[in-house]
Amino acid sequence: MEIKRMASSSSSGLTFKLHPLVIVNISDHYTRVKSQLNPPPLTSTSATVNGVENQQQAPRVYGCVIGVQRGRTVEIFNSFELLYDPSTHSLDRPFLKKKQELYKKVFPHFYILGWYSTGSDAQESDMHIHRALMDINESPLYVLLNPAINPTQKDLPVTIYESELHVIDGIPQLIFVRSSYTIETVEAERISVDHVAHLKPSDGGSAATQLAAHLTGIHSAIKMLNSRIRVLHHYLVGMQKGDIPCENSLLRQVSSLLRRLPAIESEKFQDDFLMEYNDTLLITYLAMFTNCSSTMNELVDKFNTAYDRHSRRGGRTAFI
Amino acid sequence: MEIEEKQAEVIDHFVKQVSAQKGSALGSVFVEATSHPSLFAFSEILAVPTVAELEGTDNSVHLEMLRLFAHGTWSDYKRNSGKFPQLVPDQVLKLKQLTVLTLAETKKVLSYDQLMRELDVTNVRELEDFLINDCMYAGLVRGKLDQLQRYFEVQFAAGRDLRPGQLGSMIQTLSNWLATSDNLLVTIQDKIKWADTMSELDKKHRKELEDRVMEVKKAVSVKEGWSCEREFFNSSKNA
């Protein structure tokens with residue numbers, strides 16, 4: 001498939017802010033469509049047979065992105081899905097209009113800023129859709145999500161393209177140019193993204209891996225603190241030796257900081273801390289006890305069931 | 001560190017004034033500086049060469065006073081009030097504020113009795129007013145007042161000017177802090193390794209158990225007709 005020629009960076013000077021809700025919406029849409037198209041295999045063997053066929057059917061999903069444009073800043077807040085008509089290579093217009101009206105009632109400030117799709121790169125056919133949307137918004141955005149999971153990639157697989165009129169080979173053509181964007185979060189979005197991010201380690205399973213993940217988090221936080229203290233230490237030593245001129249204001253701030261150490265040493269803290277520590281240990285112990293005694297109980301029941309049949313003579317009593 | 005930002009301009013202003021003048025005129029500049037409501041840092045002014053020249057001359061009382069404000073407390077003033085010129089009420093207030101800062105240096109929990117002694121205040125109401133209005137609202141200290149137990153718990157106190165020996169002790173504290181956090185990092189890494197090893201062991205144990213059960217099941221299924229034993233082995237797998 002021929003890929004439209006693209007410039008590497010946009011020159012329109014607009015700054016884009018993308019909310020995580022949009023990314024989650026697009027990925028959710030894609031996942032739903034994909035799993036409805038290819039139901040998960042029942043056994044592991046059938047997966048390998050179907051695996052080759054499945055890969056060719058990566059579906060493309062389409063939808064609209066809405067948000068606010070204030071001056072030179074474009075902020076994309078939300079998105080919704082659209083139907084794509086493969087025969088006419090265009091999006092379903094009446095549906096789009098209806099959805100637009102509905103969203104306008106709830107969010108009167110949001111405008112349609114552009115559209116989204118999934119895939120690894122922008123394509124020729126996308127330009128048709130882009131042009132079609134140009135009557136709603138004179139310069140629509142194209143948000144592209146790459147659904148291929150690449151574990152080595154550090155950035156989000158989301159790119160925002162704008163359209164620009166460039167003169168190529170003497171013919172003015174509309175081409176896609178990539179633009180940079182930043183992620184902007186509202187407090188509610190930050191909490192849910194944080195929550196989802198913490199869920200990831202538990203797909204490995206046991207509590208030990210969760211503990212390890214938690215400890216690793218603490219470790220990296222303390223490492224950062226450590227490096228900063230080291231910088232301060234180095235600076236003060238330098239000042240003492242006379243390499244650096246004394247700056248009193250900084251010294252005052254450092255002294256006020258150091259005065260806060262030791263940060264937690266009061267007796268009340270020790271009491272509370274030890275109490276909570278003992279409580280946790282006690283509860284763990286109790287839980288282990290309960291577990292052991294229930295296992296024991298089960299074992300005894302099974303033992304009785306297994307060996308009871310032989311002692312029909314009545315003389316012997318059951319084990320417990 | 002908003003206090004530092006607020007002070008920076010005032011400090012510059014006074015440093016310029018001090019370097020522009022000499023001798024006895026400096027005395028009045030000092031009085032102005034020490035009465036200024038937002039100025040708590042005097043070491044920059046002390047560092048100006050014209051100030052150092054005052055040492056040993058007739059005007060050395062002013063220098064002593066400035067030094068008192070930089071490093072001393074209200075009790076120092078009371079003990080040697082002969083050495084220092086008379087203080088105006090603004091200066092008295094400032095000296096008391098600086099005294100609170102010095103007290104907060106050594107202990108985090110200051111008892112009301114000690115504060116009342118150091119600040120020459122007779123009743124608790126006055127002490128609390130002073131602490132709230134003049135220290136906390138000025139941004140010098142942040143903390144909690146516990147009236148029942150008569151304590152003032154300091155969470156944050158602005159820094160005073162450094163005495164010459166203090167730099168060494170600050171470096172010492174910092175190196176201790178560094179050492180503690182290094183140890184903590186090593187301990188955490190050990191714990192992480194321990195957690196991983198334990199989960200590995202646990203998985204291995206489970207797997208071994210499953211394998212043994214499978215073996216026994218296979219061995220038993222060959223022997224038909226021993227229904228009770230099969231049932232026993234099947235149920236023991238779950239135990």
Side-chain angles (χ1 to χ4, degrees), chain A residues 204-223 225-230 232-237 239-240 246-268 295-296 298-303 305-307 309-310, chain B residues 1 3-5 7-8 11 40-44 46-47 101 104-106 108-109 153-162 166-171 173-178 181-182 184-185 188-189 191-200 202-203 228-229 231-236 238-239:
Chain A
S206 65
T209 40
Q210 271 187 341
L211 176 67
H214 183 247
L215 281 179
T216 321
I218 297 187
H219 178 90
S220 32
I222 297 186
K223 210 156 86 159
L225 178 69
N226 199 346
S227 65
R228 287 181 173 89
I229 303 174
R230 208 179 290 272
L232 266 183
H233 179 86
H234 196 72
Y235 183 70
L236 280 191
V237 166
M239 214 183 260
Q240 190 183 44
C246 276
E247 200 187 310
N248 283 304
S249 151
L250 221 65
L251 286 175
R252 279 194 292 271
Q253 290 183 17
V254 172
S255 83
S256 100
L257 177 71
L258 289 181
R259 238 177 274 180
R260 295 186 73 168
L261 296 173
I264 14 181
E265 211 185 68
S266 72
E267 214 176 277
K268 233 162 55 88
T295 320
M296 190 70 134
E298 274 178 35
L299 178 62
V300 163
D301 284 342
K302 285 166 191 165
F303 195 83
T305 326
Y307 284 104
R309 297 186 199 182
H310 294 298
Chain B
M1 305 295 168
I3 310 179
E4 293 297 327
E5 287 162 24
Q7 285 188 104
I11 294 178
F40 298 102
F42 303 100
S43 42
E44 279 95 346
L46 274 174
L101 280 185
E105 236 177 74
T106 42
K108 293 189 73 182
V109 176
E153 205 182 291
V154 183
Q155 281 161 0
F156 161 77
R160 278 197 78 172
D161 297 311
L162 283 185
Q166 263 184 303
L167 189 57
S169 61
M170 274 181 13
I171 295 186
T173 318
L174 268 182
S175 12
N176 286 347
W177 198 6
L178 261 185
S181 64
D182 281 333
L184 191 60
L185 279 179
I188 292 184
Q189 265 179 331
K191 277 266 176 270
I192 296 179
K193 271 198 223 102
W194 174 84
D196 284 335
T197 349
M198 287 324 262
S199 79
E200 284 293 311
D202 189 53
K203 273 197 213 125
C228 42
E229 252 131 345
E231 208 177 357
F232 178 72
F233 282 119
N234 276 347
S235 53
S236 78
N238 297 334

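Below, chain A is the first sequence line, B the second, and so on; all start at residue 1.
Remark: B:Asp202 pairs with B:Arg206 by the salt bridge (charged side-chain N to carboxylate O under 4.0 Å, His left out) rule, at least two apart or across chains. Residues passing the side chain to side chain contact (heavy atoms under 4.5 Å, CB included) test with A:Gln240 are B:Leu167, B:Ile171, sequence neighbours excluded.
Atoms CD and OG1, on B:Gln189 and A:Thr216 in that order, are 9.5 Å from each other to the nearest 0.5 Å. Here B:Trp194 contributes atom CH2 and A:Leu215 contributes atom CG; the two are 10.0 Å apart, rounded to the nearest 0.5 Å. With rounding to the nearest 0.5 angstrom, the NE2 atom of A:His233 is 11.0 Å from the OG1 atom of B:Thr173. With rounding to the nearest 0.5 angstrom, the CZ atom of A:Arg230 is 7.0 Å from the OG atom of B:Ser181. Taken from NE2 in A:His214 to CD1 in B:Ile192, the straight-line distance is 11.0 Å, to the nearest 0.5 Å.
B:Leu185 and A:His219 get closest at one heavy-atom pair: CD2-O, 3.4 Å. Among all heavy-atom pairs drawn from A:Ile218 and B:Ile188, the shortest one is CG2-CD1, 3.8 Å.
The one candidate from A:Ile229, A:Ile222, A:Asn226 that meets the side chain to side chain contact (heavy atoms under 4.5 Å, CB included) condition with B:Asp182 is A:Asn226.
With a 4.5 angstrom heavy-atom cutoff, B:Ala157 touches chain A via backbone and side-chain atoms both.
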